[in-house]
Amino acid sequence: MMSRQIVQYFVVFLFGFQNVYCQKTLGAIFDDGTFLMEAAFTVAAAAASDGSETPFETTVVRTAPGDLLETERAMCSIFENPFFGVFGPTVKGSIEHVQSIADMYELPQILTAPVETQNRNWSAINLYPHHIAYSQVFADIMEMKGWTEFTIVYEGAELLYFLNNILSFEDFDQGEHVVMNFVQLPDGDDYRTQLKMIKSSGSLNYLIACSLEKLTQFLQQAQQVGIMSDNHSYIIMNPDFQTIDIDPFKHGGSNITGVRFFDPSLESIQTFIAALNEKVKELSDGQIEVAVAENGLTFELALIYDAVTLYTTALKLIGNEEGANITCEEEESWSLGSSVINHVRTIEIDGLTGMVKFDQDGFRSDFEIDVLEVVGHGFEKVGTWTGEDGYIEMRTVVPSTEQEGSETMRGKHFIVLTALSAPYGMHKESPAILEGNDRYEGFGIELIEELSKMNGFNYTFEIQADGVYGSYDAKSGKWTGMMEKIMDDRADFAITDLTITAARQKAVDFTSPFMNLGITILYKKPTKQPPNLFSFISPFSLEVWGWLAGAYIGVSGLLFILGRIAPEEWQNPYPCIAEPETLDNQFSLANSFWFTLGSVLTQGSEIAPIAVSTRMAGSMWWFFTLIMVSSYTANLAAFLTVESKFYAIKSVSDLANNPYNINYGAKKGGATFSFFKESDNLLYHKMYEYMDSHPEYQTSTNDEGLERVKSDSENYAFLMESTSIEYMAERNCDIAQVGGLLDSKGYGIAMKKNSPYRQPMSESILQLQEQGVLTRMKDKWWKEKRGGGACADDDAGSGDAQPLVLANVGGVFIVLAAGSAMAVICAFCEMFIDVWAISRKQEVSFREELIAELKFIFSFGGDVKQVRHREPSNSGSGESKKSKKEGDITGDVESLKDEDVKSESPARSERSTHSHHTLHSRRQSNAVQMARMRKYSRNL
Ligand code: GLU
């Protein structure tokens, strides 16, 4: 001690009093591991000395962070010369160690670090804002924002002191429903696990208290995890928030709020940064060119500058005093120490970090701080907080309508909710392990991709695991599924086969529809029927066949009557006799039926009407048969070539009446089910009641519906939307759409009510529609991808003519065979009757006569038949000598000549006709003429 004073006096003698006693040394210990603190400190000291009568010297000792031994040695080395206080260090343990030494020697220790344990009586003067006041800043901001739930993300337990007023609910006016979650960030730089937890908790507001290094990582990973969308809000407590690169986060849509103590654009700040860089360069021997960027000045560096300014100001005010002349070996304290400390606490300066002043407890509680928000162009000051007035917002609200269309979406990040419903959203089939959005593909996925390109937004897909699209639950008064998530801001958009319904439209907004559809039935394809043997009956209904038979009988009867009435039909059988005794009429009852039958079967007959009336009736009948026969032929062709199918249901009314006991249902809580529920149509309402009373027929997904329809063990029809049926019918050839559409509606993208994104998204969808992109996409996902087009050939050839197989025409053969058999039976009956009549008449044995007749028949001995029993009147005439042939003819003619004579009965003439059916008609006609001639000559 003595030797040091001797040296000092010697120095005074050599250099003069002024230079030693008017120069004040400021000691500093910095353990930040850089040159920055030292540079800031020396720059500030130089600035304080500038133009001052008492220049300030600096003694700076750099130590390893947290090394207490080194810190203690540093203190002792500062003690070697008289000094006026010590600045630093910055690491917690070292601060406390220096503090205890400073307390012992009553040395002012000037701190610029967040120290939660401070005491008025201690020697430390801390320029870092007091934690109580600092926490009040954020409590006020949160209150202003109206947060009712939030998650506190913090780095170390010591930072919890700075949350003091936030943790006490009383200070939080809107604390009625305050819900807090705490998440501590782990060591290292991967916080995704914590972020996923935060996300799954459903929390949307986050208060972040962590170091600058962790902050950037945290925000990046929050973006990856998908909690940086429009719905999420962040408040960053770190006062250096403005120094991070905000570009990656400014378009994400989330609200990010922070604070700053100074505006980096101020001239004083920029001058300080320039001097700082200069100093760092000097200290690092030119190795570090630029240590601090234009906006990179940290609060701590600015605080060091302010600390030096404040302290030197106090020293200047105190005047020329003797510095602390102490040693590590002796416990003698600095006599002026406590008065300097007290003096520093009473003055105030306007520093780089705003007004620096202390409250009566010696803490910096009253400060001014800017509140910033991240906007499209970077940071924007939205308010100020002061100890006196609290938080005052001064934001200029830019109405969102001023933003041009898609500009509102550019750069933002959205959570897009989708469901695994083919082909709208599906898991991509890939041998590689996929991540993020790459895991999904489908129509909806591609549509969002297109829309994001057009509007410049980013997105993360989230799957609605339970596949519930959403309906209003009247019991709970809440929406379910995707609707609920959109309404609760848990997702920004929802895209899948999500139907736009009136009820949903009240709760959320929809874009213009990107696809149109209607409700219809999914059911098994109709089963093919085996060909019908009697399909030739099918062209006419039974009713028509009945009317046809009636017309036949009616017209035949009519011709018979007309024939009798019309004088022209009574013809002279012997034209050479002018006044015949009798007249003949061709329209006997039998001939009338024969004539009409001949025309229906397009074979004709030798009977030709003569009178106008009969000709008229006849020609009308021909016309009728022409149309009927051609209609029959045409329809028969169709019936024979078209495969007949069995349709258990053809329309929704078949399903409602349900004659085949088909179970039916729709997707639970889906738009289809709601359609039936809301409908006032009696039929649909009946179906709703059926479905409602059979919850087991409702399904969770469309795929489940499809499986039930296909299942052989169940007779099930599924009510669903036509576009989805189209997709399924392309791949499952055993099912098909049944009946038409019950309604007409569309799918849209859902978003929160009054969303500013509705218009740009709708415009883009319309553009895609006009450019044909949506049609191309539909063809791709419906007909090409994932087995599309599998059933394209299924119905091919059904329109081509098919050769008729026996099964098609077998019935006609049966009729022919049956008719022939009947004819044979008739022929035998006629023969038996004839043989019986002859045997009686000729008084011969029936058996003999029959055997003789059968012998003749089955001898197949030519077409001339010997008359075995001739009439006695004819036996003596010369005609008996005539040839067999002629006799035969004469016998026949005898019968025939009585036919159609006015006085004879039709029954007899008919019998005659039948008994001689074997004669050739031409010969018969000649013979009739001859017989008539003979009869005429006899009469003469
Ligand atoms: N598209 C329907 C909805 O949005 C789901 C399927 C259905 O109900 O048929 O709810």
Side-chain angles (χ1 to χ4, degrees), residues 416-426 442-444 447 463-473 478-487 491 493-523 652 655 664-679 684 687-688 690-692 694-695 697-709 716-729 735 737-751 778 781-782:
V416 183
L417 203 55
T418 188
L420 292 175
S421 168
Y424 308 96
M426 302 174 281
F443 182 91
L447 180 56
I463 300 294
Q464 178 72 21
D466 58 7
V468 177
Y469 296 177
S471 54
Y472 183 71
D473 181 0
K478 279 186 174 173
W479 281 85
T480 58
M482 290 170 136
M483 291 293 107
E484 187 192 15
K485 284 197 182 157
I486 293 285
M487 291 168 78
F493 301 120
I495 185 167
T496 182
D497 49 333
L498 186 64
T499 313
I500 305 171
T501 63
R504 285 177 180 166
Q505 182 83 63
K506 279 184 202 146
V508 297
D509 268 353
F510 281 99
T511 58
S512 310
F514 56 80
M515 199 173 276
N516 295 310
L517 57 294
I519 295 173
T520 182
I521 305 166
L522 178 73
Y523 191 58
V652 76
L655 203 56
Y664 59 90
K667 185 175 181 270
K668 231 178 278 167
T672 302
F673 187 78
S674 305
F675 167 82
F676 287 96
K677 190 176 173 183
E678 306 299 329
S679 177
Y684 299 160
M687 291 175 77
Y688 161 69
Y690 172 86
M691 289 192 277
D692 199 40
H694 290 96
Y697 299 146
Q698 293 173 38
T699 67
S700 305
T701 60
N702 283 343
D703 284 342
E704 193 189 326
L706 171 71
E707 288 316 314
R708 291 182 77 160
V709 168
Y716 185 78
F718 190 53
L719 289 155
M720 66 186 284
E721 288 159 337
S722 54
T723 38
S724 303
I725 291 185
E726 241 176 85
Y727 176 79
M728 289 171 173
I735 50 109
Q737 173 181 326
V738 176
L741 306 186
L742 308 190
D743 62 350
S744 170
K745 51 199 178 186
Y747 294 145
I749 301 174
M751 61 193 77
K778 186 168 177 218
W781 289 106
W782 261 249

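Whatever order the structure lists ligands and atoms in, that order sets their numbers, starting from 1. Sequential numbering from 1 along the given sequence is applied to the chain's residues.
- Near D497, with a cut-off below 4.0 Å to any heavy atom, the atoms of ligand 1 are 1 (N), 2 (C), 3 (C), 4 (O).
- Side-chain atoms of T480 come within 3.5 Å of backbone N or O of S471 as a donor-acceptor pair.
- T499 and E721 form a side-chain donor-acceptor contact under 3.5 Å, judged by distance and modelled atom types alone.
- Between the side chains of N702 and E704, not a single donor N or O lies within less than 3.5 Å of an accepting N or O.
- Considering backbone and side-chain N/O of A671, one or more are found under 3.5 Å from N/O of ligand 1.
- Geometric assessment of K778 against the ring of F514 yields a negative cation-pi assignment under the 6.0 Å and 45° thresholds.
- Geometrically, ligand 1 and E721 share a nitrogen or oxygen pair separated by less than 3.5 Å.
- Under 4.0 Å from ligand 1, the heavy atoms of R504 that appear belong solely to its side chain.
- With hydrogens and angles disregarded, no donor-acceptor distance shorter than 3.5 Å links the side chain of S679 to the backbone of Y684.
- Contact annotation: the side chain of Y747 approaches that of Y424 to within less than 4.5 Å [non-hydrogen atoms, C-beta and beyond].
- Distances below 4.0 Å separate heavy atoms of L498 from the following atoms of ligand 1: 4 (O).
- Listed by number with element, the atoms of ligand 1 under 4.0 Å from a non-hydrogen atom of G670 are 8 (O), 10 (O).
- In terms of polar-atom proximity, defined here as any N/O pair under 3.5 Å, T499 does make such a contact with ligand 1.
- Geometrically, ligand 1 and T672 share a nitrogen or oxygen pair separated by less than 3.5 Å.
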